[in-house]
Amino acid sequence: MLNSGAGFSTGTGVTWVFTLTTAAAVAGILYVGRRLQSTAWTFVLGALLGGATTHLLDRLFRPPAFAQGHVVDFIDYGGLFVGNVADIALVGGCAFLLLLSLREVPLGGVPDKGRPSA
């Protein structure tokens with residue numbers, strides 16, 4: 001199944017916006033990833049990069065046109081919605097990103113114990 005929109009097929013008329021947003025996200029992840037020293041953050045950003053890159057490639061090179069392509073969804077979640085492996089990586093990566101942020105794990109490794117608490 002081809003999906004021209006975002007989650008639950010929203011935004012089907014603005015596929016080019018998703019392409020630009022995803023390209024910016026991939027560039028941002030690559031930029032931040034250059035200074036990673038944390039295994040946990042490397043895993044999180046790797047999952048996000050994999051999911052975003054896959055969607056970006058679909059948007060760039062799949063029909064109907066360059067930068068307006070449709071994402072291929074092939075996993076049916078019991079009739080609730082249809083997704084793909086990139087969606088799983090993105091949702092899982094976001095969940096772990098939230099967890100690491102709440103635990104205040106810095107990109108460089110261990111939490112900063114010397115920082116005053118609020």
Trainee: Please check if F18 and F66 belong to a single hydrophobic cluster, counting links between Ile, Leu, Val, Met, Phe, Trp and Tyr side chain heavy atoms closer than 4.5 Å.
Mentor: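 The answer is no; the residues belong to distinct hydrophobic clusters.
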Trainee: CG of L57 to OG1 of T19: how many Å apart, nearest 0.5 Å?
Mentor: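 Spacing of CG (L57) from OG1 (T19) equals 11.0 Å.
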Trainee: Over all heavy atoms of both residues, which pair between H70 and P64 is shortest? Give the atoms and the distance, please.
Mentor: NE2-CD, 3.4 Å
Trainee: Under 4.5 Å between any side-chain heavy atoms of V26 and L49, yes or no?
Mentor: yes
Trainee: Can you tell if the side chain of W41 reaches within under 4.5 Å of the side chain of L97, non-hydrogen atoms only?
Mentor: yes
Trainee: Report the distance from atom CG of L98 to atom CZ of R103, rounding to the nearest 0.5 Å.
Mentor: 12.5 Å
Trainee: Just by distance, do the side chain of R59 and the backbone of G69 share a donor-acceptor pair under 3.5 Å?
Mentor: yes
Trainee: Determine whether T53 and I29 make a side-chain contact, defined as any pair of heavy atoms from C-beta on separated by less than 4.5 Å.
Mentor: no
Trainee: S38 and side chain to side chain contact (heavy atoms under 4.5 Å, CB included): which partner among V105, V44, L45?
Mentor: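 Per the side chain to side chain contact (heavy atoms under 4.5 Å, CB included) rule, the option paired with S38 is V105, out of V105, V44, L45.
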Trainee: In Å and rounded to the nearest 0.5 Å, what is the CD1 to OH distance from I88 to Y77?
Mentor: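 These two atoms lie 3.5 Å from each other.
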Trainee: Please tell me if the side chains of V82 and F74 come closer than 4.5 Å, counting only heavy atoms from C-beta onward.
Mentor: no
Trainee: Going from OG1 on T15 to CG on L20, what distance comes out if it is rounded to the nearest 0.5 angstrom?
Mentor: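 Answer for the OG1-CG pair, T15 versus L20, is 11.0 Å.
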Trainee: If you take all heavy atoms of A89 and A47, which pair is closest and at what distance?
Mentor: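 The answer is CB-O, 3.6 Å.
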Trainee: Between L90, V71, V72, which is the residue that forms a side chain to side chain contact (heavy atoms under 4.5 Å, CB included) with N84?
Mentor: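 Among the candidates, only V71 passes.
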Trainee: Give a yes or no on whether V32 and L48 share a hydrophobic cluster (residues Ile, Leu, Val, Met, Phe, Trp, Tyr; joining criterion: side-chain heavy atoms under 4.5 Å apart).
Mentor: yes
